[in-house]
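Beneath this line is the structure, given in structure tokens, with notes to follow.
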Amino acid sequence: GFDNNYQEFKKLGINEIYCISVNDSFVMNAWCEYQNVKNIKMIPDGNAQFTEKMGMLVNKGDKGFGKRSWRYAMIVNDCIIEKLFEEEGKADNLENDPYEASSPENLLKFLKNN
């Protein structure tokens, strides 16, 4: 959704869109190629250092994934977080995987109203 709406984000003043994941660069690059992503810059967080410092590290060991990032999105301006969109219910080994607050549609809605 972020890739498909890239031009809309640009029109609303977003310069770049990044996707960070607790994975290595090989996984990130393969996923990007598989999804045919053209406009999003991928950032691997292989050791989860950034994710941990953001307070978004969760355990998904019940699924065999180990430590992963909780889903969130943010609008950052000159290294300052202007708005954080965090999915509700952050917890280790959560059965469901919410995707509403951090969706591209939700961010576009916010940007259009601010």
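Residue numbers run from 1 in the order of the sequence given.
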For I14, which fellow cluster members are found when Ile, Leu, Val, Met, Phe, Trp and Tyr are connected by side-chain heavy-atom distances below 4.5 angstrom, either directly or through intermediates?
F2, Y6, F9, L12, I17, M28, W31, V37, I40, M42, I75, F85, Y99, L107, L108, F110, L111

Mind listing the closest non-hydrogen atom pair of E100 and N106 along with its distance?
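Looks like O-CB, 3.5 Å.
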
Looking at every heavy atom in both S102 and A73, which two are closest together, and how far apart are they?
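Heavy atoms of S102 and A73 come nearest at CB-N, 3.7 Å.
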
Check: residues 19-26 side-chain donor-acceptor pairs under 3.5 Å, at least two apart:
unit_1, atom_1, unit_2, atom_2, d
S21, OG, N23, ND2, 3.1
D24, OD1, F26, N, 2.9
D24, OD1, V27, N, 2.8

So with a 6.0 Å cut-off around [atom1] of [X], is the heavy-atom count from everything else above 12?
X    : atom1 : answer
D78  : CG    : no
K109 : NZ    : no
Q35  : CD    : yes

Quick check for you: to the nearest 0.5 Å, what is the distance between [X] atom [atom1] and [Y] atom [atom2]?
X   : Y    : atom1 : atom2 : answer
K11 : K112 : NZ    : NZ    : 9.5 Å
D92 : R68  : CG    : CZ    : 13.5 Å
N39 : E16  : CG    : CD    : 9.0 Å

Distance-only criterion, 3.5 Å: show the donor-acceptor pairs between side-chain atoms of residues 47-64 and protein atoms not counting sequence neighbours.
unit_1, atom_1, unit_2, atom_2, d
T51, OG1, D45, OD2, 2.6
N59, OD1, G61, N, 2.7
K63, NZ, L94, O, 2.7

